[in-house]
Amino acid sequence: MENQTIISAQGVNFWYGDYHALRDISLDMEAHTVTAFIGPSGCGKSTFLRLLNRMNDLVDGARLEGRILIEGEDIYARGVMVDELRKRVGMVFQKPNPFPKTIFENIAYGLRVNGVRDKAFIESRVEESLKGAALWGEVKDKLKKPAFELSGGQQQRLCIARALAVQPSILLMDEPASALDPISTSKIEELIYELKTEYTIVIVTHNMQQAARVSDRTAFFYLGELIEYDETKKIFLNPEKAQTQNYITGRFG
Amino acid sequence: MVSGGVTSVTILLIVFFLFREGIGLFGSPAVEQGYVVAVNQENTVRDLSPVQLKDVFDSKIANWSQLGGADEPIVVFRLNDIEQYVSYEELGDELQFIPQCLSKIIAEHPGMIAFFPDTYLSPDFAGKLIDRRNITPGEFFLGDEWFPTATPAPLFGIVPLVTGTLWVSLAAILFALPLGMAVAIYMAELSNDKVRKILKPVIELLAGIPSVVYGFFGLVVIVPLIQRVFGLPVGETALAGSVILAIMALPTIITVAEDSIRNVPRSVREASLALGATQWQTIRRVVLPYSVSGIMAAVVLGIGRAIGETMAVLMVTGNSAIIPHGLLEPVRTIPATIAAELGEAPNGGVHYEALFLLGCILFVITLLISITAEMMAAGKPKQQI
Ligand SMILES: Nc1ncnc2c1ncn2[C@@H]1O[C@H](COP(=O)(O)OP(=O)(O)O)[C@@H](O)[C@H]1O
Ligand SMILES: [Mg+2]
């Protein structure tokens, strides 16, 4: 597969009111890769991630400069349909946040809001998505049960399945395993590895080993700046910047 | 749990005392206290219900055959009709011969029915007394006429009052709920801070206005408007009452519903938006179902306000105790009846007891509505919403 840029940030600056949260960030991400964002907490990883599906639009008084292109299209240009964008750029949140509905309805939700009515189609897509999130075996007999009856790890995979059901090309994950136990975490990591063949994945993590295990490229953020962005191997074995070196060896953060 | 228990006990106590005061009604005679109703010796009719008595004395029933007696026209006799039958001499200087005269008059008129104080009942009375009977629960709960000052027997049928209350309250909630929900959704989800800063105090102000003022407002604005728009002889109708009640219930509904909408976790909202749902889809499919129990609470509180409201309704609904067939007729609600009549009802009398029992009925209605709403909120399968 060709190295094809799917996400491209160009000179991005971002403010929450007066607070300058992101400073002049430029980076390109390739299709069908996993990119990890690392950095101490508060450095702007989530902020940057949420710019990619315009989730920060909901924040009052936020302001953006620079351009973000997804599949070549400026997503902040006038006339862009935000809900259409979010269908292409799915998101999994830090804490599992299933809807207070059945397992089935959680997955079907994205289809229903897209106006899909065909029952058979919805059923097959639900199954497909649950399989894609490695959850089908565990829940296939209790699709009509409330999602809240699942364990935390299962709920998070349900959220992944829910995101997969609308068939995005990009999947954003904001510390998806931070609230989970080690076994659930490793399941999610395995899943990320498998999903990479079909999706472009951007994952925020503060777990260094996790970044090293799952990602192809890693971006190190510090105080709103992008310090270093390179092949994961290079970042962990031979970083260019001293700050990166210090962070991954645990000398701060 | 504890506070819930205390509340329940308090409520039960209140109901118990209301009920104890009211239940005496069914032990009270149907005919006005201290009076008797008598007919001619030959008359076979002995048992008359309060409604029949009223119809007889209103000349709506004119022949005994309609009451299962002989084919004989009914002659109604009240005590002040006595001069038409006997002379003053016969009554005596100090009217001491009234009992004898009464006895004689009744004996002479086969179709007569007489209503007079039992002190004038002579020991050798020539007529027959209509059987004394008590007010029955059937007459109270199913009676379609509320006429506490009717003679010889007051009518305490609560059906017109209950239907009046339900009509007015349900229509009020039908007006208030969609509007209240719309404002709540707007305030919680769509409006910016500036608009909210203006709206919030206005709504709080609405909640603080005394109900008499709403009543005046209704009288001056709503009633004439309804009269003109629908071309009615009078504008004091159930509709006027429900419009006023709707306005009065709005602040409660808005505040409670807005709070519950705001309490929907941000994460769930974001989950929906992140799947490409529009803001409106998110509100409709996630936010509202999530806050359904709060919205139910808003409905119950709103209905509670509407059903129990007295003053404003009293002022604009026309207060006629007939079973309404539509919103454009005058009605009378239970609270308005209690408020208007309690002052006139002699303490401990039949009327007084009837009003207490009405209070119980009002309580039971509100209780039923709350329970229904609770069950609807709970019964709604959480996963299917
Ligand atoms: N909604 C917001 N309003 C104001 N400031 C915010 C908001 N969200 C995040 N911030 C601030 O922006 C900075 C970056 O936050 P974030 O992107 O969440 O960091 P990270 O995910 O790397 O821990 C932090 O200092 C945080 O306090
Ligand atoms: Mg974060």
Side-chain angles (χ1 to χ4, degrees), chain A residues 49-50 52-61 81-115 142-149 155 158-159 162-168 171-174 179, chain B residues 185-200 257-298 374-385:
Chain A
L49 193 73
R50 290 163 62 90
L52 302 180
N53 67 345
R54 294 191 57 170
M55 223 46 190
N56 283 333
D57 286 14
L58 307 173
V59 180
D60 275 341
M81 305 288 285
V82 181
D83 37 312
E84 292 304 320
L85 167 75
R86 289 183 185 143
K87 280 165 198 161
R88 288 190 286 136
V89 186
M91 186 164 213
V92 176
F93 296 80
Q94 185 164 356
K95 270 208 212 118
N97 55 355
F99 300 123
K101 297 169 187 275
T102 58
I103 293 172
F104 184 91
E105 281 304 318
N106 260 276
I107 314 283
Y109 182 86
L111 301 170
R112 296 203 195 280
V113 297
N114 271 306
K142 45 181 180 179
L143 293 176
K144 292 276 181 282
K145 288 271 171 63
F148 288 134
E149 285 179 13
Q155 285 188 18
L158 180 75
C159 292
R162 180 174 70 181
L164 298 183
V166 279
Q167 299 195 317
L171 203 53
L172 309 175
M173 299 180 159
D174 194 347
Chain B
I185 291 170
Y186 175 75
M187 302 238 309
E189 293 283 324
L190 309 170
S191 73
N192 56 31
D193 274 348
K194 247 183 255 158
V195 179
R196 206 173 307 131
K197 270 198 191 107
I198 300 170
L199 268 182
K200 202 101 204 162
E258 191 204 344
D259 279 351
S260 75
I261 292 172
R262 269 183 201 287
N263 279 338
V264 175
R266 189 192 154 99
S267 65
V268 187
R269 243 179 263 262
E270 286 190 340
S272 168
L273 292 171
L275 288 166
T278 61
Q279 188 176 22
W280 181 238
Q281 285 172 325
T282 302
I283 292 173
R284 206 172 65 76
R285 289 170 175 265
V286 177
V287 174
L288 291 186
Y290 209 102
S291 44
V292 72
S293 63
I295 291 168
M296 279 297 169
E374 199 109 327
M375 288 200 313
M376 275 162 70
K380 193 154 190 159
K382 286 261 179 334
Q383 59 271 31
Q384 266 305 334
I385 47 184

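Proteins come first, then strands; the chains are lettered A, B, ... in the order of their sequence lines, and each starts at number 1.
- Both the backbone and the side chain of Arg162(A) have a heavy atom closer than 4.5 Å to some heavy atom of chain B.
- Looking at every heavy atom in both residues, Phe93(A) comes nearest to Ala271(B) through CE1-CA, 3.9 Å.
- The two atoms that bring Val59(A) and Arg266(B) nearest to each other are CG2-NH2, 4.4 Å, heavy atoms only.
- For the atom pair OG1 of Thr278(B) and CD of Glu84(A), the computed distance is 10.5 Å after rounding to the nearest 0.5 Å.
- Contact annotation for Val92(A): neither backbone nor side-chain heavy atoms come within less than 4.5 Å of a heavy atom of chain B.
- Contacts between Arg284(B) and chain A at a heavy-atom distance below 4.5 Å are absent for every atom of the residue.
- Distance CG/Asp60(A) to CG/Asp193(B): 6.5 Å, rounded to 0.5 Å.
- Between Leu273(B) and Met55(A) the shortest heavy-atom distance is CB-CE, 4.0 Å.
- For chain B, no part of Arg54(A) is nearby; none of its heavy atoms comes within less than 4.5 Å.
- Counting all heavy atoms, side chain and backbone alike, Ala274(B) lies closest to Met91(A) at CB-CB, 4.0 Å.
- Using a 4.5 Å heavy-atom cutoff, the side chains of Arg112(A) and Arg285(B) are in contact.
- Here the straight-line distance linking atom OG1 of Thr282(B) with atom OH of Tyr109(A) works out to 4.5 Å at 0.5 Å rounding.
- Here the side chain of Asn97(A) pairs no donor or acceptor atom with the backbone of Val268(B) at under 3.5 angstrom.
- In this view, Asp259(B) satisfies the salt bridge (Lys or Arg N to Asp or Glu O under 4.0 Å) rule with no residue, not counting sequence neighbours.
- Ranking Ala277(B), Ser267(B), Gly276(B) against chain A, the residue ahead of the rest is Gly276(B), based on heavy-atom pairs under 4.5 Å.
- In this view, Pro168(A) and Val166(A), Leu171(A), Tyr199(A) satisfy the side-chain contact (heavy atoms from CB on, under 4.5 Å) rule, not counting sequence neighbours.
- You'll find the side chain of Leu58(A) reaches within 4.5 Å of the side chain of Glu270(B), heavy atoms only.
- Of the residues considered (Asn53(A), Leu172(A), Val113(A)), Val113(A) shows the highest number of contacts with chain B, using heavy-atom pairs under 4.5 Å.
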